[in-house]
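Quick caveat: nothing in here was measured; it's all calculated off a predicted structure. Naming: A, B, ... by sequence-line order, numbering from 1 per chain.
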2 protein chains.
Amino acid sequence: MAQPDRAPPNGGETLLFLTDEQLRQGIEAMFFAYRGFTADPDRILAELCYGRAHHRALHFINCAPGTTVNNLLSILGVTKQSLNRVLRTLIADGLVESRVGRSDRRERHLHLTEEGRALEQRLSDAQRARMRKAYRQAGPEAVAGFRKVLESMMDSEQRRQYHALRDGRGQASGGRE
Amino acid sequence: MAQPDRAPPNGGETLLFLTDEQLRQGIEAMFFAYRGFTADPDRILAELCYGRAHHRALHFINCAPGTTVNNLLSILGVTKQSLNRVLRTLIADGLVESRVGRSDRRERHLHLTEEGRALEQRLSDAQRARMRKAYRQAGPEAVAGFRKVLESMMDSEQRRQYHALRDGRGQASGGRE
DNA sequence: TTGGAATGTCAACAACGCTGACTTAAACTG
DNA sequence: CAGTTTAAGTCAGCGTTGTTGACATTCCAA
């Protein structure tokens, strides 16, 4: 999977000799791009007195309807208390529904309500619009490279979860109750 | 600069027809990759009871020594108080020096001390190591695409600042006092 | 010289991470 | 069945980092 770390066969490619300056530019690009990446949903959330944490919860519940609290915890990488604070408001506001598990009644399975789906749509529409614009401006090859670098930048655990989400959506499954 | 938004000339490239699923994967890739991106410095910072905000301040003061508080504010995109709290601790701990401006005595010009430079080095070494690994695994073409997409994802103002930083480092200038 | 604009400082508050201790309910295990 | 483990939720309390608003200092222009 990973190419071995060796010098390029000839002088044709200079990028494998990576100067601190090149890497620094990449770091700054990530910093500024992530700001852009979150800017649009943040504006919408601010109107509703929600934060990024609410958005993340909505996003991943939408991706894997019926997911359990524990599962969500491991995806989001936060503590129970942090997630619970957010989930409590989302449930109270009628955006998320928590159903007792059928096979294991200790578990709670999370679903978006109609209203929750609507907000998730609105948020991810905004984010997708920016993504679409960036992808189109950069072109298909750039997109492939973008994805490749991002994936290499993840920790192995994060990469595992990233793929699990993709695959889970490919089939119709996701979560059972 | 931006390619016009039209269909590809033939069916060779499917990426300009962007499904919601493709965009969603890009969004999730950004989410997980950013976690990886900040993980290494975060660990170091936690030892020292600092946070990401301290890292950002050190980074940009190091890039543009002699920069003013106001300038730093606009780069970081936070409020004065957020930055000030961080600067105060960095100054108290002897990592940053704040010199009253010569031509305009309202301004404070910020510099890293020897100790500040050392910590900045340590932090950015960690971050660059991850970046270097990702770049090498993905290859030079992927890196070019990565940079292209990130740049398209920024707001125009962020893109301006991103370029200003690059260019400022190209020459030896940066900031005067 | 006086009034406004720019620069920076500080107090107080909110969002959202964290830890640790605890409860409840259900499932598992010997 | 008794004891342990697991899933979820709660409470108290804390730290970082974002916010707003008031304030001091300095500069500049009318």
Side-chain angles (χ1 to χ4, degrees), chain A residues 31 34-35 38-39 41-58 61 66-93 96-110 175 177, chain B residues 31 34-35 38-39 41-61 66-93 96-110 175 177:
Chain A
F31 172 72
Y34 198 78
R35 282 240 304 259
T38 56
D42 279 357
R43 264 188 292 275
I44 297 172
L45 291 159
E47 289 173 25
L48 305 172
C49 298
Y50 289 138
R52 245 176 244 181
H54 299 84
H55 182 189
R56 289 195 284 261
L58 290 174
I61 294 173
T67 191
T68 63
V69 173
N70 249 352
N71 190 5
L72 206 49
L73 280 179
S74 75
I75 290 175
L76 295 176
V78 297
T79 56
K80 236 190 322 182
Q81 173 67 326
S82 276
L83 176 57
N84 220 277
R85 206 184 301 127
V86 166
L87 275 184
R88 216 181 318 165
T89 72
L90 290 175
I91 291 171
D93 294 352
V96 168
E97 201 183 347
S98 159
R99 304 185 195 150
V100 173
R102 274 212 287 272
S103 61
D104 186 336
R105 296 165 43 85
R106 291 172 304 181
E107 295 179 339
R108 300 298 132 89
H109 297 272
L110 303 169
E177 164 141 11
Chain B
F31 173 72
Y34 198 78
R35 283 239 302 258
T38 56
D42 279 358
R43 266 188 290 274
I44 298 174
L45 290 159
E47 288 173 24
L48 305 172
C49 299
Y50 289 138
R52 242 176 247 181
H54 298 84
H55 183 189
R56 290 196 283 261
L58 290 174
H59 178 102
F60 288 112
I61 293 173
T67 191
T68 64
V69 173
N70 244 355
N71 189 5
L72 207 49
L73 280 178
S74 74
I75 289 175
L76 294 175
V78 298
T79 56
K80 266 192 287 190
Q81 172 64 337
S82 271
L83 176 56
N84 215 271
R85 200 183 311 115
V86 165
L87 278 183
R88 214 183 320 162
T89 72
L90 291 175
I91 291 171
D93 294 351
V96 168
E97 201 184 346
S98 159
R99 304 183 195 151
V100 172
R102 275 211 288 271
S103 60
D104 186 336
R105 295 166 43 85
R106 290 173 303 182
E107 294 180 339
R108 299 298 131 91
H109 296 273
L110 303 168
E177 171 133 6

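Across A:Arg105 and A:Val100, no two heavy atoms sit closer than the pair O-CG1, 3.5 Å. Shown here for A:Asn71 and A:Ser74, the closest heavy-atom pair between the two residues is O-OG, 3.0 Å. Here the closest heavy-atom approach between residue A:Thr67 and residue A:Leu72 is recorded as OG1-N, 4.3 Å. Here the shortest heavy-atom pairing between B:Gly51 and B:Leu45 reads O-CD1, 3.5 Å. Smallest separation of non-hydrogen atoms from A:Arg108 and A:Ser98: CB-OG, 3.5 Å. Counting all heavy atoms, side chain and backbone alike, A:Leu73 lies closest to A:Lys80 at CD1-CG, 3.5 Å.
Applying the 4.0 Å criterion to OP1 and OP2 of C:dA6, one finds that B:Asn70 has every side-chain N and O outside that range. Close to D:dG9, at under 4.0 Å from its OP1 or OP2, lies a side-chain N or O of A:Asn84. Contact annotation: B:Thr79 reaches the phosphate of D:dT19 (side-chain N/O to OP1 or OP2, under 4.0 Å).
Partners of A:Asp42 by salt bridge (Lys or Arg N to Asp or Glu O under 4.0 Å), not counting sequence neighbours, listed by chain and number: A:Arg52.
The CG atom of A:Leu76 sits 15 Å away from the C1' atom of C:dC18 (whole-angstrom rounding). For the pair B:Leu73 CG and D:dT20 P, the interatomic distance rounds to 13 Å; values are reported in whole Å. Rounded to an integer number of Å, the gap from CG of B:Leu45 to P of C:dG17 is 18 Å. In this entry the distance linking CD of B:Gln81 with P of C:dA14 reads 15 Å, nearest Å. The CG-P distance, from A:Leu83 to C:dT19, rounds to 14 Å in whole Å. The distance from atom CZ of B:Arg99 to atom C1' of C:dG8 is 18 Å, rounded to the nearest whole Å. One atom, CG of A:Leu72, and another, C1' of D:dG9, lie 15 Å apart when rounded to the nearest Å. Rounded to whole angstrom, the span from the CG atom of B:Leu87 across to the P atom of D:dG18 amounts to 12 Å.
Along DNA chain C, the nucleotide nearest B:Asn71 and the nucleotide nearest A:Ser82 are compared for position; the residue whose nucleotide lies closer to the 5' end is B:Asn71.
Heavy atoms of A:Gly77 sit under 4.0 angstrom from primed sugar atoms or phosphate atoms, though from no base atom.
Using a 4.0 Å cutoff on non-hydrogen atoms, no part of residues 50-58 of chain B comes near DNA chain C.
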Take A:Leu110 and A:Leu87 through the test side-chain contact (heavy atoms from CB on, under 4.5 Å) and record every step on the way to the result.
CA-CA 10 Å; A:Leu110 303 169; A:Leu87 275 184; 4.0 Å; yes
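Scanning atom types as modelled, no donor and acceptor separated by under 3.5 angstrom connect the side chain of A:Arg88 and the base of D:dG9.
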Output one letter per nucleotide in nucleotides 21-30 of chain C: B when a protein non-hydrogen atom lies under 4.0 Å from the base, S when only the sugar-phosphate is that close, - when neither is.
----BBS---
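By the 30° and 60° cut-offs, the orientation of the rings of A:Phe31 relative to B:Phe60 is tilted.
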